Amino acid sequence: TLLESVREGSPLSKSMADHPQAFDEVFVGLIRAGEQSGQLHEAFAKIGASLRWQDELAAKLKKIVSYPAFTLVVLIGVAAFMLTYLVPQLAGFIKSTTGGELPLQTRLLLALSDAMVRHWPWFIGVPVMSVVALWIGSSRAGPALRLRIDHFKLRLPLAGAILEKVALARFSSLFGMLYAAGVPVLASLEVCRGAAGNQWIAQAIARVHELILQGSGMTDAFRKVNLFPNLVLRMVKIGETTGELDRSLNNVTYFYNREVDETLQRLQAIIEPALTVTLGL
C-alpha cells in the first residue's frame, strides 16, 4: 500500500501516517522531518537506534521477570498439590496422633486444605475472572480513570521509579532526535505527547506545550509542570542557552539509560534471595 501511495505522488510520511497500526507518531514525525531537511537516511538511522534501545530494554525486563515468574508458578503448583492431595490424606493421621487441641497453624492449614478441596472451582475462577475484569476495565477506561491508573503506576514502590526513568529516557531521546532533525519545538512536543505511553506524562507534556504557546521559556515551562526532575531542567536550560538542546537531551538519555540498567541489575540481584525467603516461609 505504501508503494502504491508513493507511486501516486504522496509523500512517504503521509503514506505512513495513513497506517498508524504499523507506523506510530514518532516514526512518522521523524520521517517527515527527514523529508523536509533532505536527510531521510539520518531519520531512518535515528529510528533504528530508538528501536534497538527499546528492544534491548524489553529483553532485559523479560530476563528479570522470567525467573521469578517461573518460580512463582512452581510454588503455586506445589502448594496446590500439597493442599488438595497430600494434606487431606494426612489430616486423619494428624488428628489421631495429637490427642488434644491442634496448634493454630495446623488448624489453619487443615481449614485451607478443606476449603480448596470443597471449593476448588472458586480458587481457580476468581483469580482468572479478576484478571479478565481488570484487563477489560483498563482497556475500556475513560480518560479520567486511565489518567489515575497511569499516575498510580508511577507511584508504585520500585517499579514506579523504573517506569518513570524509562518514560523520561524515552521522552529525552525522542525530543532530542526530533529537535536535531529540524522539527520545531512545539511540533516535537506534540509528537512526544502522543508517544509518551503514559497519560500522566502526556498531560505534563501537553501542559509544557500550552505554557510555551503562552510565551513562557522552555525551561520555565518544564519547571512549572512539577514532573521533570532537576537533571532534565538543568539540561534543558543548558540546551536552550547554547542552542544545542539535542546534545543536552542526549546526556539526559544516557544518564537515565544507565540508571535503568543499574536499577534492573540491583533488582535481579535482590530477586533470588527474596524468592528464597518466600519459599522458606
Side-chain angles (χ1 to χ4, degrees), residues 1-62 138-141 143 146 150 163 166-210 212-213 218 221-222 232 235-236 239-240 243-254 256-257 260:
T1 306
L2 282 180
L3 178 60
E4 293 301 322
S5 181
V6 172
R7 279 176 173 169
E8 292 171 1
S10 178
L12 180 60
S13 57
K14 172 64 171 61
S15 303
M16 288 179 170
D18 293 335
H19 303 279
Q21 76 282 0
F23 307 102
D24 60 20
E25 292 186 40
V26 177
F27 204 116
V28 175
L30 285 169
I31 294 302
R32 185 180 295 115
E35 289 174 336
Q36 293 172 355
S37 63
Q39 301 293 324
L40 194 58
H41 61 290
E42 289 188 7
F44 277 111
K46 290 172 182 175
I47 291 170
S50 177
L51 292 176
R52 281 194 298 273
W53 174 73
Q54 294 178 45
D55 187 64
E56 290 171 1
L57 182 62
K60 291 175 183 176
L61 290 173
K62 288 178 183 177
S138 61
S139 62
R140 297 183 179 181
R146 189 172 290 112
D150 285 350
L163 290 174
V166 169
L168 289 174
R170 178 178 173 83
F171 167 76
S172 301
S173 176
L174 295 178
F175 193 28
M177 284 194 298
L178 291 165
Y179 184 85
V183 181
V185 169
L186 293 176
S188 298
L189 288 172
E190 283 288 347
V191 174
C192 290
R193 177 189 176 188
N198 184 290
Q199 292 300 313
W200 186 260
I201 293 177
Q203 185 186 60
I205 296 172
R207 179 62 178 156
V208 171
H209 184 277
E210 181 182 348
I212 293 175
L213 274 177
M218 196 184 307
F222 275 89
V232 176
M235 286 299 177
V236 170
E240 190 176 17
E244 296 182 340
L245 184 62
D246 53 324
R247 292 185 60 183
S248 297
L249 292 174
N250 284 339
N251 290 332
V252 175
T253 304
Y254 168 78
Y256 279 119
N257 286 346
V260 170

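Just so it is clear, the model here is predicted, and its values are computed rather than measured.
Annotation: side chain to side chain donor-acceptor pair (under 3.5 Å) contacts of Asn198 (sequence neighbours excluded): none. Residues passing the side chain to side chain donor-acceptor pair (under 3.5 Å) test with Ser13, sequence neighbours excluded: Glu35. Every residue two or more places apart in sequence or in another chain that forms a side-chain contact (heavy atoms from CB on, under 4.5 Å) with Ser15 is listed here: Leu2, Ser5, Val6, Ser10. Under the side chain to side chain donor-acceptor pair (under 3.5 Å) criterion, Glu240 pairs with Thr219, not counting sequence neighbours. With sequence neighbours left out, Phe27 forms a side-chain contact (heavy atoms from CB on, under 4.5 Å) with Met16, Phe23, Asp24, Ile31, Phe44, Ile47.
Between the NE2 atom in His209 and the CD atom in Glu190 there is a gap of 4.0 Å [rounded to 0.5 Å]. Between Ile201 atom CD1 and Leu163 atom CG the span is 8.5 Å, to the nearest 0.5 Å. For the atom pair Asn251 CG and Glu244 CD, the distance stands at 10.5 Å (nearest 0.5 Å). Separation of atoms CG (Leu186) and CD1 (Ile212) is listed at 6.0 Å; rounding is to 0.5 Å.
The minimum heavy-atom distance between Gly176 and Asp246, with the atom names listed, is O-CB, 3.5 Å. When all heavy atoms are compared, the tightest approach of Gln199 to Asp150 is N-OD2, 2.6 Å. Summarising the geometry of Val252 relative to Ser172, their closest heavy-atom pair is CG1-OG, 3.1 Å, with the distance given to 0.1 Å. Thr253 and Ser173 make their closest contact through OG1-N, 3.1 Å (heavy atoms, listed as atom of the first residue, atom of the second, distance). When every heavy atom of Ile205 is checked against every heavy atom of Cys192, the shortest pair comes out as CD1-O, 4.0 Å.
Judged as a ring-ring contact (aromatic ring centres under 6.0 Å, His included), the pairs with a partner in residues 172-192 (not counting sequence neighbours) are, in order, Phe171-Phe175.
Formation of a donor-acceptor pair under 3.5 Å by the Asp55 side chain with backbone atoms of Leu51 is not found in this model.
Between Leu245 and Met218 there is a side-chain heavy-atom pair separated by less than 4.5 Å. Side-chain contact between Tyr256 and Val232 is present, with at least one heavy-atom pair separated by less than 4.5 Å.
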